[in-house]
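Below you'll find the structure, written out as structure tokens, and then a few comments.
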Number of protein chains: 2
Amino acid sequence: MTKAKNTEERILEAAIKIFSEKGFSAATTSEIAKEAKVAEGTIFRYFPKKKELLHGIVLKAIDLFGQNVVVNSLEKTIEANKRKDTAELLKAIIMDRVSLFEEYFPYIKVIFYEIQFHDDVRELFFDKIAKELIKIGKQIFNEGKKRGEFRDINPFIAARSFVGMAFMMIMQRQFFSSETVYVNIEDEIEVLIDIFLNGIRKC
Amino acid sequence: MTKAKNTEERILEAAIKIFSEKGFSAATTSEIAKEAKVAEGTIFRYFPKKKELLHGIVLKAIDLFGQNVVVNSLEKTIEANKRKDTAELLKAIIMDRVSLFEEYFPYIKVIFYEIQFHDDVRELFFDKIAKELIKIGKQIFNEGKKRGEFRDINPFIAARSFVGMAFMMIMQRQFFSSETVYVNIEDEIEVLIDIFLNGIRKC
DNA sequence: CTCTTTAGTGAGTGATTACTCACTCACATT
DNA sequence: AATGTGAGTGAGTAATCACTCACTAAAGAG
């Protein structure tokens, strides 16, 4: 039982590694088996089809997301909102999640890229992650709006814009870090938040 | 000769279609052949390896980009900057490129996906497209800065942020259009520009 | 100790893949 | 009319793929 759980975990971790390196289609089950140090047949005991490995990854990501992002950030939102202004709150939330984001980047990468080819992945992602993210975003945004800090901007577009800014930063850092000038990631995030909040703030 | 050029074109167009639908690895040369209405062997006369099809697509995208974006937008930048402010200029440039963007979305999709797996694609993209985009972005930004319209923000981060906002919008529209409320794309872009310019503007 | 169960194995399999090559045939050249 | 050329063909091939299954080993139950 303990051994079994361990094996399944090892297979999933290997799958995440290989999928994020090569993409779902280019990854082979034999390579995943080698990485997980199990026989190829063992994979199919736990995941009867290759695609179920992908589902396993998405489900694990949803789980991790639920643990680390939703609960935690909502708590902080409510707690910190009593003392600080929205800018500082947002900054605190994002900064707190930078390392988490980098740690789970392989998951993000796999989900983000395979979303376009697999409808089931897309639906899972949207229902379990995107909706929650949108909810949190709107919540924070509406809080600031109520206090008169923000202008009257569609909160969905605002939240999506910020995610896009952050996403592009991560992408550039991942793929073109050597070609572009290096800036400390915390400094960069401060700039992002600065641009974004100024963008939606009354002034 | 004319027939030959036609064949190569047809193969490339079929490849773009299939690659953007399934990704490079999941796409098969036989399917591309069927789509292009040539024998499978014909593909390998023009593109000896499957991967050269991918290169062909990237090169074609670079070509289209050079024709439609770089030259055109730089001209417009210089010309329009004499009368309008940066907000209007930016709006004009983006609006003008929306339909172009949607038309060439399969190219963008393929390049964006494969960039992470193929160093050669990455280098081509960076040298021929990203550098130009950064240059244009900086140019527009510095123009506004010189006039005292903008605050002192790293122009690279600013430009990248805007691209990220737009990119996320396109992504959401492509993959989650049915799940989210539909807003006219022109209105959305106005919001994006509004947030962005407010974000970098002095006030 | 025997029997049952169950996790793990890896050689084997049919299907599919990228790629080859001997071939065709509509032309142009002589 | 005879010959040469090269774009286009598609059956063929070796390699590789996801997936299967008869098996082993270990451990727990009786």
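Proteins come first, then strands; the chains are lettered A, B, ... in the order of their sequence lines, and each starts at number 1.
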List for me each residue that meets side-chain contact (heavy atoms from CB on, under 4.5 Å) alongside A:Gln139, sequence neighbours excluded, and say none if there are none. A:Leu74
Return each pair, listed once, that meets ring pair (Phe, Tyr, Trp, His ring centres under 6.0 Å) where at least one residue sits in residues 15-34 of chain B; pairs must be two or more places apart or across chains. B:Phe19-B:Phe24, B:Phe24-B:His118
Under 3.5 Å, N/O pairs linking protein and nucleotides 25-27 of chain D:
none

Mind jotting down which residue pairs meet the salt bridge (charged side-chain N to carboxylate O under 4.0 Å, His left out) criterion with at least one end in residues 23-32 of chain A? Sequence neighbours excluded, please. A:Lys22-A:Glu31
In whole angstroms, how far is the P atom of C:dC19 from the OH atom of B:Tyr46? 18 Å
Take atom CZ of A:Phe47 and atom C1' of C:dG8, then tell me their distance rounded to the nearest Å. 15 Å
Please work out which residues in residues 48-59 of chain B have a non-hydrogen atom less than 4.0 Å from an atom of DNA chain C and list them by number. B:Lys49, B:Lys50
Can you tell me which residue pairs pass the salt bridge (charged side-chain N to carboxylate O under 4.0 Å, His left out) test with a partner in residues 108-119 of chain A, sequence neighbours excluded? A:Asp119-A:Arg122
By a strict heavy-atom criterion of less than 4.0 Å, which residues belonging to residues 17-45 of chain A are in contact with DNA chain C? A:Val38, A:Ala39, A:Gly41, A:Thr42, A:Arg45
The criterion is side chain to side chain donor-acceptor pair (under 3.5 Å); which residues satisfy it with B:Arg45, sequence neighbours excluded? none
Not counting sequence neighbours, which residues clear side-chain contact (heavy atoms from CB on, under 4.5 Å) with A:Ala166? List them please. A:Leu192
I'd like to check the salt bridge (charged side-chain N to carboxylate O under 4.0 Å, His left out) partners of B:Lys51; sequence neighbours left out, ordered by chain and number. B:Asp120
Can a donor-acceptor pair be found between the side chains of B:Glu40 and B:Ser30 at a distance below 3.5 Å? no
For residues 158-173 of chain B, pull every pair meeting salt bridge (charged side-chain N to carboxylate O under 4.0 Å, His left out), keeping only residues two or more places apart or in separate chains. A:Glu188-B:Arg160, B:Arg173-B:Glu188
Those residues at least two apart in sequence (or on a different chain) that pass side-chain contact (heavy atoms from CB on, under 4.5 Å) with B:Asp152 are B:Lys145
